[in-house]
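Report on the structure given below.
Please read these numbers as outputs of a predicted model, since none were measured by experiment.
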Amino acid sequence: MAHARQQTYSLDHKVVFLTGAGGGLGAATAALLTQRGAQVALVDIDRSAAERTARTLPPGQVLTVDCDVTAIDSVHAAVRKAEDRFGPIDVAIANAGLMGRGGTFRTLTTDEVDRVLSVNVSGVLNTVSATIDSVIHNRGQIALVSSVFAYLNGAGAMPYAMSKAAVEQAGRALAVELASHGATAMTAYFSLIETGMIQHGIDEDPHVQALMSAMPKFILKRIQPTTAAAVIVNGLEQRRRTVSAPARWRPVSALRGVLGPLVDARLARDVGVQRALSELDTRHGG
């Protein structure tokens, strides 16, 4: 039996709680949201960065809020500030994320691993926890920013890949749990986005660059923040469960159960990959 397609979700006058809004994908998403008429709480641990984003946007449509997503009390306080200004949250976008230092697992410190997982996993769950009741009440949406590294081999960046796989599972579960409430959840998968996080985590580290260059070439394709932002915002308007960019990653995701073991085996044999990992080991005393 055919099901009626859900109507387009208008973002006009919707209240959006957006973390990681101080630059990169967050700033680009905020710009497009305001163009579609949304009122946006620009949430970032760096208040000055959020204010720089705000200066490029219509002043009546945005509010800057400093917030540490790893601390649930901080997130609740940020939500209260946003709701005091604009009203209950319609859409929560958990975008704040951290790549961390490139290195094999045995060369990473416990603090380095915990930091990535704290921001990328606990930060996402805290954002959801603080906004979910309002989103349900308004039959709104939650959007989680994952990555294609949720299903790619994460050698050299294991904590990051682990965190994005966790975000994927959170998004899948929320999509089911919210269904009976008339609310929805969307998970976004992106490859490398041309942001400061990628520039600092990859471009400025020759050993990580060597590892990436040894990977299959399609992995290296980068997209601009504006491209990823359009995918998120259009996905919200269509109430999509998943979105991804570039589009070439969709078949890779669909075939991951077959391709994953094959790629893993290839990487384990690849001389260039193993050399790059050995250099990461040596650099950090492994």
>> If we check side-chain contact (heavy atoms from CB on, under 4.5 Å) with Val16, which of these qualifies: Val91, Leu236, Ile89, Val233?
In response: Val91
> Considering residues, nucleotides and ligands other than Arg85, do more than 12 of their heavy atoms fall under 6.0 Å from its CZ?
Replying inline: yes
> Hey, is Asp90 close enough to Lys14 for a salt bridge, meaning N to O under 4.0 Å?
Replying inline: no
> If you count the non-hydrogen atoms of other residues, nucleotides and ligands that lie under 6.0 Å from CZ in Arg172, is the total more than 12?
Replying inline: no
>> Looking at Asn153 and Ala155, would you say the former's side chain and the latter's main chain have a donor-acceptor pair under 3.5 Å?
In response: yes
> Would His76 and Val79 count as a side chain to side chain contact (heavy atoms under 4.5 Å, CB included) if you check the C-alpha gap in whole Å, the side-chain angles of each, and the deciding distance to 0.1 Å?
Replying inline: CA-CA 5 Å; His76 278 295; Val79 169; 5.6 Å; no
> What are the two closest heavy atoms between Ala228 and Ile193, and how far apart are they?
Replying inline: CB-CD1, 3.9 Å
> Within 45° of the six-membered ring axis of Phe190 and under 6.0 Å from that ring's centre, is NZ or CZ of Lys164 located there?
Replying inline: no
>> Please enumerate all residues that pass salt bridge (charged side-chain N to carboxylate O under 4.0 Å, His left out) together with Glu177, with sequence neighbours excluded.
In response: none
>> Could you work out, with side chain to side chain contact (heavy atoms under 4.5 Å, CB included) as the rule, every residue matching Ala31, not counting sequence neighbours?
In response: Leu57
> Can you name the closest pair of heavy atoms from Phe86 and Val62 and give their distance?
Replying inline: CZ-C, 3.7 Å
> Should we say atom NE2 of His181 is surrounded by more than 12 heavy atoms from elsewhere, each under 6.0 Å from it?
Replying inline: yes
> So, does Arg36 use its side chain to make a donor-acceptor pair with the main chain of Ala38 at under 3.5 Å?
Replying inline: no
>> Is it true that, when you exclude Arg47 itself, more than 12 heavy atoms of the residues, nucleotides or ligands shown sit nearer than 6.0 Å to its CZ?
In response: yes
>> So which atom in Thr70 and which in Arg115 form the shortest heavy-atom distance, rounded to 0.1 Å?
In response: CG2-NH1, 4.0 Å
